[in-house]
Amino acid sequence: MAGPGRGPQLRRHGAAGRRLHRRHDRPRRPGRIPPAVRRASQNIMNLFQHFRAELIQIIDDLCRSGALPADLDTARVAVEPPRDPGHGDMATNAAMVLAKAAGARPRDLAETLAAGLRGLDAIREVEVAGPGFINMRLGDSFWRDRLREILAAGRAYGESGLGAGQAVNVEFVSANPTGPMHVGHGRGAVVGDALASLLAKAGFLVTREYYINDAGAQVEALARSLHLRYREALGEAVGEFPDGLYPGDYLVAPARALAEADGDAWLGRDEGDWLEPFRAYAVAAMMDLIRDDLAALGVTFDRFSSERALVQAGGVDAALAELQDRGLIYDGVLEPPKGKTPEDWEPRQQTLFRATDFGDDVDRPVRKSDGSWTYFATDMAYHLDKFRRGYATMIDVWGADHGGYVKRMAAAVKALTEGRGELDVKLCQMVNLLDGGAPVKMSKRAGTFVTLRDVIDQVGKDVVRFIMLTRKNDAHLDFDLKAVTEQSRENPVFYVQYAHARICSVMRHAADAFPDADLSPDALAAAPLDRLADPAELALVRTMAGWPRLVESAAEAHEPHRVAYFLDEVATQFHMLWNKGKDDASLRFIALEDRDLTLARLALIQATAFVLASGLDVFGVQPVEELR
RNA sequence: GGCCCCGUAGCUCAGUCGGAUAGAGCAACAGAUUCCUAAUCUGUAGGUCGCAGGUUCGAAUCCUGCCGGGGUCACCA
């Protein structure tokens with residue numbers, strides 16, 4: 001279990017941070033950075049955050065000068081993109097939020113604040129609208145600076161210091177080691193992995209962790225199943241598998257290997273002799289299987305934690321003893337569930353945790369009648385272990401069928417960490433596997449069960465990953481094997497990849513057309529970007545400049561799916577531009593007779609490729625340079 | 001029956017710690033291809049945000065109660 005001392009800092013601090021920069025930032029020679037790039041690289045990043053700070057400064061000044069009451073609470077002041085782009089680039093609710101405390105009418109206060117905002121260089125236009133919104137428009141040069149910023153950052157664009165190095169533990173998959181992964185596990189794997197990447201991009205120190213449920217009855221059943229397969233491998237006819245065992249053929253190969261290695265050494269002996277070694281052998285084999293599936297999906301973990309090891313090291317006894325000392329464990333009899341009482345329900349004396357003191361509906365048993373711990377008890381100890389390893393923030397990604405378990409786990413974390421730990425459980429809803437609109441019929445018995453690996457092999461890991469992230473985790477997801485590989489607008493994977501590939505294609509053509517030109521990002525950043533004059537061109541820059549903010553808000557909300565919608569939006573605007581060039585040749589990216597204009601437009605699309613790649617990186621999807 | 005999640009255009013879904021006239025894709029209809037990949041794009045049309053109350057300057061968003069769908073319900077993990 002919890003090996004001591006391997007804190008997240010050790011593993012992540014240098015490694016992840018540096019790797020990110022090595023990979024994304026091409027080395028630059030300081031002497032050759034164009035002045036324009038240096039200006040832009042004063043890193044405004046989240047521009048809304050930037051202007052919020054400016055606005056707060058203006059408000060503070062007004063407070064100091066007596067124009068506004070001292071100690072105005074500005075916590076609710078927001079600077080955001082307006083819903084309606086017609087309202088400008090940014091809007092703030094400041095006047096409406098502060099009006100009451102300032103003793104002024106919203107519109108009057110808005111005019112006062114607007115006057116201050118007009119003094120800022122980057123802002124071209126300020127107007128008061130509606131009930132007291134202040135709408136702002138930024139100057140074109142501001143947007144061109146953002147473009148240079150993107151070119152300087154490359155695929156690293158969007159990285160943020162929001163997390164400030166705070167350690168976060170993301171536990172996901174944690175599938176029972178009793179067989180290969182199914183499609184539902186795959187969703188949890190992708191959501192957890194992408195969420196972890198997103199948090200890392202937002203400046204958190206993330207650890208990806210897998211909890212191996214290798215204690216309890218299910219892995220004993222696995223051991224017995226392996227023993228049957230082992231006897232079979234030695235020539236015995238074993239017939240039908242009894243209920244509760246695992247009849248899948250994935251145990252055949254491990255059993256053969258065991259028969260090969262040990263011969264008939266385990267035949268004719270008591271279960272007590274072979275159960276434990278068979279369990280260990282079977283779990284190891286299944287974890288190899290699962291690790292293979294995960295590798296095929298491109299998911300790797302920083303740590304695997306074993307439930308059995310945790311129990312054996314006394315972690316559960318220690319955690320429970322602590323709760324016992326605080327009077328949170330008692331022996332008692334639960335009431336039957338309200339409404340529907342199970343038929344076999346009977347009053348039973350149990351060892352219970354006072355979950356109701358921490359927001360749960362009933363107290364929860366921690367010990368089985370045979371004296372061993374319940375799953376809940378070990379899970380409590382496991383979460384305490386994570387907390388003690390330095391993770392005040394813990395995220396668990398579970399299947400929706402575990403929804404009934406969330407409250408008690410939250411209660412346990414509250415109790416064990418005395419309120420200092422925070423647990424967010426992301427429940428992943430079911431995946432409906434379809435093929436051309438028709439549900440894929442699956443039956444373990446008939447051998448038509450479709451595993452995650454089958455799907456990856458059929459459509460590719462990048463497609464699986466992207467599609468799994470096109471819905472929020474708590475919504476059902478239709479996964480149509482046919483639709484996800486179609487090359488059309490309604491397939492978001494294709495649509496986004498197509499945009500990236502098109503850009504790469506243009507860059508290749510440009511290199512042919514201007515063989516002597518330096519088309520590196522640094523050089524493009526020095527292009528005369530004021531040649532970008534079409535509204536659609538600047539609109540694309542605006543959208544891309546929203547990426548840092550999106551990274552931060554999606555990371556804070558723990559919602560990686562938002563990235564998919566952002567990518568779709570960037571791709572849409574790019575394809576739009578491309579097609580304007582179809583209608584009007586003067587808008588094509590490559591203008592043979594106008595080198596400066598070409599360079600400016602290449603700067604725009606190179607930045608677009610970076611932003612697309614930056615987002616796809618979060619998803620663990622490889623941006624393609626060519627389709628087909 | 002208790003608890004949790006979901007309910008937004010004909011369909012599939014977005015909707016930012018409460019913001020202005022609720023968005024996109026598909027399907028429908030009308031268009032664009034001597035051209036950097038038309039595998040794309042332009043335009044039109046389409047909604048009582050499940051229902052009813054409440055909170056406030058302001059609600060798809062927060063609260064309460066219903067309706068509909070799914071999940072789950074004491075020694076399974």
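Quick note on labels: first sequence line is chain A, next is B, and so on, each numbered from 1.
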Problem set entry | Gap between atoms CD and C1', on A:Q218 and B:C75 respectively (whole Å) | 14 Å

Seminar exercise, completed: The side-chain hydrogen bond (donor to acceptor under 3.5 Å, both in side chains) partners of A:N432 (sequence neighbours excluded) come to A:D478

Problem set entry | Counterpart residues, side-chain contact (heavy atoms from CB on, under 4.5 Å), relative to A:E220 (two or more places apart) | A:R224, A:L275

Problem set entry | Rounded distance in Å between the C1' positions of B:G7 and B:C49 | 10 Å

Seminar exercise, completed: Under a 4.0 Å heavy-atom cutoff, the residues of residues 365-381 of chain A touching RNA chain B are A:P365, A:K368, A:S369, A:Y375

For this session: Using a 4.0 Å heavy-atom cut-off, write out nucleotides 28-33 of chain B from 5' to 3' as B (base contacted by protein), S (sugar-phosphate only) or - (no contact).
Result: ----S-

Exercise. Over how many whole Å does the gap from A:H87 atom NE2 to B:U16 atom P extend?
Worked result: 18 Å

For this session: Have a look at A:D474 and say if it touches a base, only the backbone sugar-phosphate, or nothing, with a 4.0 Å heavy-atom cut-off.
Result: sugar-phosphate

Protein N or O to nucleotides 58-63 of chain B N or O, pairs below 3.5 Å:
{"unit_1": "B:A60", "atom_1": "N6", "unit_2": "A:R83", "atom_2": "NH1", "d": "3.1"}
{"unit_1": "B:A60", "atom_1": "N6", "unit_2": "A:R83", "atom_2": "NH2", "d": "3.1"}

Problem set entry | Distance-only donor-acceptor test, A:R549 side-chain atoms vs B:U16 base atoms, 3.5 Å | yes

For this session: To the nearest Å, give me how far apart CD1 (A:I503) and C1' (B:C36) are.
Result: 12 Å

Exercise. At under 4.0 Å between heavy atoms, what does A:N135 touch on the DNA or RNA strands: base, sugar-phosphate, or nothing?
Worked result: base

For this session: Starting from Watson-Crick (N1-N3 plus N6-O4 or O6-N4) and G-U wobble pairs under 3.5 Å, report the runs of at least three that RNA chain B belongs to.
Result: B:1-7 with B:67-73, B:10-13 with B:23-26, B:28-32 with B:40-44, B:50-54 with B:62-66

Seminar exercise, completed: A:D584 CG to B:U34 C1', in whole Å, measures 16 Å

For this session: Find which nucleotide of RNA chain B each of A:E346 and A:E625 is nearest to by heavy atoms, and output the residue with the more 5' nucleotide.
Result: A:E625

For this session: Could you identify which residues of residues 587-595 of chain A place a heavy atom less than 4.0 Å from some atom of RNA chain B, listed by residue number, or say none?
Result: A:R588, A:F589, A:I590

Exercise. Within 45° of the ring axis of A:F48 and under 6.0 Å from its six-membered ring centre, is that where the NZ or CZ of A:R549 lies?
Worked result: yes

Exercise. Could you give the OH-to-C1' distance, from A:Y498 to B:C41, as a whole number of Å?
Worked result: 10 Å

Exercise. Near RNA chain B, which residues from residues 557-572 of chain A have a heavy atom under 4.0 Å away?
Worked result: A:H561, A:R562, A:Y565

Problem set entry | Where at least one partner belongs to residues 582-592 of chain A, residue pairs that pass side-chain hydrogen bond (donor to acceptor under 3.5 Å, both in side chains), sequence neighbours excluded | A:D584-A:S586

For this session: Could you tell me whether the side chain of A:R601 reaches within less than 4.5 Å of the side chain of A:E537, counting heavy atoms only?
Result: yes

Using a cutoff of under 3.5 Å, can you pull out all pairs of nitrogen or oxygen atoms linking the protein to nucleotides 70-72 of chain B, with atom names and distances?
{"unit_1": "B:G71", "atom_1": "O2'", "unit_2": "A:A400", "atom_2": "O", "d": "3.3"}

Exercise. CG of A:N491 versus P of B:A27: gap in Å, rounded?
Worked result: 14 Å

Exercise. Does A:R354 have any side-chain hydrogen bond (donor to acceptor under 3.5 Å, both in side chains) partners at least two apart in sequence or in another chain, and if so, which?
Worked result: none

Exercise. Taking for each residue the nucleotide of RNA chain B with the nearest heavy atom, is it A:R364 or A:D214 whose nucleotide lies nearer the 5' end?
Worked result: A:R364

Exercise. Among pairs that include at least one residue of residues 572-595 of chain A, which meet ring-ring contact (aromatic ring centres under 6.0 Å, His included), considering only residues two or more places apart or in two chains?
Worked result: A:Y495-A:H575, A:Y498-A:H575, A:F574-A:F589

